[in-house]
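Here the structure is laid out as C-alpha cells; the discussion comes afterwards.
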Amino acid sequence: MASDGPTPLERFINGILPENPLYRQVLGTCPSLAVTGNMKAAMTMAGAVAFVLVCANIMTSLIRSFLKPHLRILVFILLIAAFVTIADRFLAAYMYEMSKELGPYVPLIIVNCIIICRCEVCAAKQGVLPSLTDALGQSAGYALALASLATVRELLGSGSWFGIQLFWGEGAEQYRWVLMGQPPGAFLTLGLLMGLSVWISQVWGRRTKPRVSG
Amino acid sequence: MDVISQLVLLSVGTALINNYVLHFFVGMCPFIGVSRRVDMAFGMGAAVTFVITIAGILSWAITYFILQPGAPLTRLILGREIDLSILSYIAYIFVIGACVQFVEMYLRKFFPSLYKAFGVFLPLITTNCAILFACLEIMKHVVGVGPAEQWGLFQAMGLAFFAGIGFTIAIVIMAGIREELDHCDVPGPLRGPGITLIVTGILALAFLGFTGMDRGINKRLVAPKPAASARAQLAAAREGVREHGGAAGAQGATAPARPDLSPDRAGRTADEPGGPARVLP
C-alpha cells in the first residue's frame, strides 16, 4: 500500500498546488489571515511553520512504530508544542522586532491544523524520506499561499512590497487603503483569492479534459 | 463599583471590540466548518464558551502558581526561584486537551442529554485556536508584569468567559446569514468557503464600528457627570498651566477625571504636594 502511493517527488509537487493547504484544504486559516498584513511577517511565519512541520513530520515518522492509536494525537501535539517553543525562542532571540509583531500567532502554530493533519495523514504511516518531502511540499505551498495573500494586502494597503515603497511615492499616506491592513481586508482578500483559485482550476480542468478524452 | 466597571469594560472589549473571530482571526476552523445552521452554531458556541472558561481558569492557576518566575508552589517544592515560563506552551496545550477530555467524560456521566447535544463538537475543541489564544492572553497579563497590574483569577475568568461569548455571537450571526445565503445565486467558484470569508469580511467591517466604545463606557462609568467634570478638567488645566507650568497642569487635568481609581489617585496625591514644594524654593 505504502509503495503504491505517490513518489516523494509527486508528494512535493502535490503540496504546492493540487493539495495547497490554504486554498484547497482550507487549513491553517487563522494565522494566515493574521500575519499577512505585510510581506516580511508573512515570510517569517512561513519559515516558522516550515521548520515546525519538517521537524514534527520527521520525528513522527521515526517514532511511528511506537504510537498507540488512542494516544497518537496527544503525542503529535506535544511534539509540535516542543518544536514551536524552539521556534518561538529562536525568533525572540534573533528577530526580536518580528517576534513582537507576530505576537501570539507563533505559539498558535501548535494548533495549526496543517501540521496535525500532515502528521496524521502522512508521517504516521510513511518512512522518513516520503514524510520529509511531503512536509517540504506542504510548507512550500503554504509559503506560496501566504505570499500571494500578503502581496495583495501590502500592495493595496500601503503600496509597498517587503517594506519597499513601490508606488504612490512621497504622498503615500493619503492613498493608503487602510482597510486592507485590518481584519476585513484580510477576510475579503482570502475569500476572493480562494474563489480565484477555484475558478482557475475549473478553467484548467475544462481545457485539459477534452484533450484527455479526445 | 470598581469591580463591576472593570467587568463591563472587559466584556465589551473582549466580546465586541476585540472579537476573537472577527478581530484576532482565531477559531476560524469551526467558524467556517460549523456555521451552516443556527442550532449547530449555537451548540458549538456554548461548548467553546464552556471549555474556554474552564481552560482559562486552569491556565491562570498554572501560570500564577507554577510557571511564573518566583511562583509560590515552585518555590515551595524546589526551595528557590525558577522561571518555568518556557514550558508554558506545552503546559497549556496539555491543560486544554485534558480539560476537553474531562468535560466530555463529566457530561457523558452526569448530563447525557447535554452530551448528546454537543456531540462531535467537544473533541474538536482541542484544536480550536481560540482557547489557546485565550490562555496566551491570560499569560501575557500574569508573566512579566508588575505586581500591581498582574491579573487575578477574576479577570482571567472574565476574559475567558467573554471571549467564548464573543465567539458565540459571531458564529450565530454567521450561521443566520449562511442559512439565507443558501437561497442566493452565488457565483460558482465562490461557493463554500469563498463566500463565507467574504461575508465574514463584511461582518468584521460592521464590528469595526464598536472601536472606541470602551473609551466611552469608561468615561461614563468612571466620571458620572461628564460635562461638569470636563469643565472642571479644563479649568483645572488652565489653573495648572498658570500656576505650576505644563507638567503640573497635565497632572491636574487627569486627576479629577478619574476619582474612583484609588491606587492612581493615591499615587498622584502623594506626588502633588512634592511637586510645588520642589518648585517653590
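All values derive from a computational prediction rather than experimental measurement. Per chain, numbering begins at 1; letters A, B, ... match sequence-line order. We use all heavy atoms of the structure for the numbers below, so side chains are in, but hydrogens, waters and symmetry mates are not.
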If you round to the nearest 0.5 Å, how far is [atom2] of [Y] from [atom1] of [X]?
{"X": "A/L108", "Y": "B/F25", "atom1": "CG", "atom2": "CZ", "result": "12.5 Å"}
{"X": "A/F187", "Y": "B/I202", "atom1": "CZ", "atom2": "CD1", "result": "12.0 Å"}
{"X": "A/I109", "Y": "B/L132", "atom1": "CD1", "atom2": "CG", "result": "11.0 Å"}
{"X": "B/T211", "Y": "A/Q182", "atom1": "OG1", "atom2": "CD", "result": "7.5 Å"}
{"X": "B/Q101", "Y": "A/L74", "atom1": "CD", "atom2": "CG", "result": "9.0 Å"}
{"X": "B/C129", "Y": "A/N112", "atom1": "SG", "atom2": "CG", "result": "7.5 Å"}

Original post:
Under 6.0 Å from the CZ atom of B/R215, do we count more than 12 heavy atoms belonging to anything else shown?
Top reply: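 It does not: B/R215 CZ has 12 such atoms or fewer within range.
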
Original post:
CZ of B/F102: more than 12 outside heavy atoms within 6.0 angstrom?
Top reply: no

Are the side chains of [Y] and [X] in contact, using a 4.5 Å heavy-atom criterion?
{"X": "A/L179", "Y": "B/L205", "result": "yes"}
{"X": "A/L188", "Y": "B/L197", "result": "no"}
{"X": "B/P189", "Y": "A/L196", "result": "no"}

**OP:** Find the one option among B/L190, B/I90, B/L203 whose heavy-atom pairs under 4.5 Å with chain A are most numerous.
**Re:** B/I90

Give the member of [options] that has the highest number of heavy-atom pairs under 4.5 Å with chain B.
{"options": "A/A34, A/S201, A/A186, A/G103", "answer": "A/A34"}
{"options": "A/P104, A/S197, A/G191", "answer": "A/G191"}
{"options": "A/T29, A/T189, A/I110, A/I80", "answer": "A/I110"}

Original post:
For B/L208, is it the side chain, the backbone, both, or neither that has a heavy atom closer than 4.5 Å to a heavy atom of chain A?
Top reply: side chain

**OP:** Indicate the atoms forming the closest heavy-atom contact of A/P184 with B/G201, along with that distance.
**Re:** CB-O, 3.5 Å

**OP:** Please report the closest heavy-atom contact between A/M194 and B/G194, naming both atoms and the distance.
**Re:**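 Distance-wise, the nearest heavy atoms are SD-N, 4.3 Å.
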
Check: residues 83-94 of chain A side-chain donor-acceptor pairs under 3.5 Å, at least two apart:
unit_1 : atom_1 : unit_2 : atom_2 : d
A/T85  : OG1    : A/A81  : O      : 2.7
A/D88  : OD2    : B/Y89  : OH     : 2.4

**OP:** Only counting residues at least two apart or in another chain, list the ones meeting side-chain contact (heavy atoms from CB on, under 4.5 Å) with B/M213.
**Re:** B/V12, B/L16, B/I17, B/F210, B/I217

Original post:
Can the ring centroids of A/Y105 and B/F24 be said to lie less than 6.0 angstrom from one another?
Top reply: no

Subject >> Which residues share a salt bridge (Lys or Arg N to Asp or Glu O under 4.0 Å) with A/E101, sequence neighbours left out >> reply: none

**OP:** May I ask you to list the residues in residues 158-185 of chain B that approach chain A closer than 4.5 angstrom, counting heavy atoms only, ordered by number?
**Re:**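 Residues in range: none.
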
